[in-house]
Protein chains: 2
Amino acid sequence: MPKKRRGKRRSGCPLNASVEMLGDRWSLLIIRDMMLRGAKSYKEFLECYEGIATNILADRLRKLVAYGIVTAEPDPSDGRKLNYLLTEKGIDLAPVLTEMVLWAAEHEDTGNQALVRQMRENKEQFLAGVRKRWANRNSPRP
Amino acid sequence: MPKKRRGKRRSGCPLNASVEMLGDRWSLLIIRDMMLRGAKSYKEFLECYEGIATNILADRLRKLVAYGIVTAEPDPSDGRKLNYLLTEKGIDLAPVLTEMVLWAAEHEDTGNQALVRQMRENKEQFLAGVRKRWANRNSPRP
DNA sequence: TAATATCACTTGCATTTCACAAGTAATATA
DNA sequence: TATATTACTTGTGAAATGCAAGTGATATTA
């Protein structure tokens with residue numbers, strides 16, 4: 001029996017595409033940890049926010065790769081490891097995450113006030129820094 | 001037996017708060033329709049994106065109200081209706097939505113190119129317009 | 001080289017969420 | 001009074017999720 005498709009989503013509408021890729025409890029957190037904390041390996045993601053189940057993490061990483069937000073390449077120094085790295089499409093989410101963090105900081109109690117202040121006081125510079133670190137992390141491999 | 005709490009989430013971390021409120025398939029779409037299309041009633045939300053189930057819509061509206069993102073007040077001209085309106089906290093999500101739309105427009109096929117162009121070419125002016133329309137919608141009641 | 005450890009998963013099972021259809025109470029309109 | 005509309009709730013089956021316990025490949029240690 002063919003898999004029944006549930007919920008017909010109109011894809012042409014702005015935002016629908018984003019929500020399809022990012023509208024769940026974990027994807028944005030995974031991306032945040034790659035972007036701001038430099039997390040790269042499965043194990044690091046598992047430990048970053050204790051609470052995500054291993055099957056869910058595997059599923060989300062697979063989807064992020066499928067959406068072109070993340071790449072998975074074997075670690076040259078340890079054949080067991082995969083390094084998950086943000087693609088350009090992935091790092092382009094930095095403004096989205098930044099606005100979300102600023103919104104939450106404005107309206108909720110959130111931690112890491114230093115980071116928030118940095119984001120708020122010079123958003124452009126903060127974003128440039130994020131992108132630069134991303135470029136440096138990727139470029140050393142020709 | 002008390003309900004077991006699953007998944008211990010650290011709330012102090014930036015972004016966790018946002019994801020808790022917005023990290024699902026529907027909340028951001030509901031907010032978008034309030035913000036950009038002026039949708040206000042249960043029925044309008046149901047029709048906006050056919051596919052959301054009535055129980056889920058009721059649940060999401062309830063949560064958005066609980067989070068202080070939306071208010072529900074009876075329509076003065078029809079006692080059966082409730083008008084769901086964005087709070088200040090809700091309208092403050094405009095930059096987040098804008099960045100998400102721009103990101104998707106950059107990397108996916110999305111509709112409403114006119115809106116996207118408007119957002120991209122003068123983001124600040126676009127955001128000011130959104131906020132102004134929101135203020136006008138709410139202020140006529142003293 | 002054998003034993004053990006680490007890593008990135010997969011599998012199985014119970015619980016929860018979700019989509020869909022059908023109903024309901026309150027209010028409005030004819 | 002009869003019918004319609006609005007904002008839901010309830011029931012049901014299917015899918016997604018959380019958790020514990022594996023598994024196979026590679027690395028490290030004795």
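So that the names make sense, note that chain A is the first sequence line, chain B the second, and so on, each numbered from 1. Heavy atoms only: backbone and side chains are in, while hydrogens, waters and symmetry mates are out.
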Problem - No-hydrogen, no-angle side-chain donor-acceptor test under 3.5 Å, B/N16 and A/R25 - result: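 The criterion, which ignores hydrogens and geometry beyond distance, is not satisfied for A/R25 and B/N16.
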d([atom1], [X]; [atom2], [N]) in whole Å:
{"X": "A/I52", "N": "D/dT17", "atom1": "CD1", "atom2": "C1'", "result": "11 Å"}
{"X": "A/K43", "N": "C/dA8", "atom1": "NZ", "atom2": "C1'", "result": "11 Å"}
{"X": "B/L82", "N": "C/dA26", "atom1": "CG", "atom2": "P", "result": "14 Å"}
{"X": "B/Y42", "N": "C/dT27", "atom1": "OH", "atom2": "C1'", "result": "17 Å"}
{"X": "B/K40", "N": "D/dT6", "atom1": "NZ", "atom2": "P", "result": "14 Å"}
{"X": "A/D75", "N": "D/dA25", "atom1": "CG", "atom2": "C1'", "result": "15 Å"}
{"X": "A/L46", "N": "C/dC7", "atom1": "CG", "atom2": "P", "result": "11 Å"}
{"X": "B/D78", "N": "D/dA4", "atom1": "CG", "atom2": "P", "result": "17 Å"}

Problem - Nearest-neighbour nucleotide for the A/A53 side chain, C/dA5, D/dT10, D/dG18 considered - result: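 The answer is D/dG18.
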So, is [X] close to the [N] phosphate, meaning a side-chain N or O under 4.0 Å from OP1 or OP2?
{"X": "B/W26", "N": "C/dT17", "value": "no"}
{"X": "B/R60", "N": "C/dC18", "value": "yes"}
{"X": "A/K81", "N": "C/dC7", "value": "no"}
{"X": "A/R62", "N": "C/dT10", "value": "yes"}

Handout entry: Closest non-hydrogen atom pair between A/E44 and A/K40, with its separation
Key =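 A/E44 and A/K40 have their closest heavy atoms at OE1-N, 2.9 Å.
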Practice task
In plain terms, say whether B/E106 and B/R120 are close enough for a salt bridge, that is, a side-chain N and a carboxylate O under 4.0 Å apart.
Solution key: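 Counted as a salt bridge, because a side-chain N and a carboxylate O are separated by less than 4.0 Å.
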Output side-chain donor-acceptor pairs under 3.5 Å for residues 91-105 of chain A, partner residues at least two apart or in another chain, one line each.
from   : atom 1 : to     : atom 2 : distance (Å)
A/D92  : OD1    : A/R131 : NH2    : 2.2
A/D92  : OD2    : B/H107 : NE2    : 2.7
A/T98  : OG1    : A/A94  : O      : 2.7
A/E99  : OE2    : A/K123 : NZ     : 2.6
A/W103 : NE1    : B/K89  : O      : 2.8

Practice task
Answer with yes or no whether B/S41 presents, from its side chain, a donor or acceptor under 3.5 Å of a partner atom in the base of D/dT6.
Solution key: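 There is none.
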Can you give each donor-acceptor pair under 3.5 Å made by side-chain atoms of residues 52-66 of chain A, sequence neighbours left out, with the distance rounded to 0.1 Å?
from  : atom 1 : to    : atom 2 : distance (Å)
A/D59 : OD2    : A/K63 : NZ     : 3.3
A/R60 : NH1    : A/D24 : OD1    : 3.4

Practice task
With DNA chain D as reference, determine whether A/G79 or B/E44 sits nearer its 5' end, using the nearest nucleotide of each.
Solution key: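 By nearest-heavy-atom nucleotide position, the 5'-most residue is B/E44.
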Exercise for the section: Looking at every strand, decide which applies to A/N55 at a 4.0 Å heavy-atom threshold: base, sugar-phosphate, or nothing. Expected result: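 Result for A/N55 = base.
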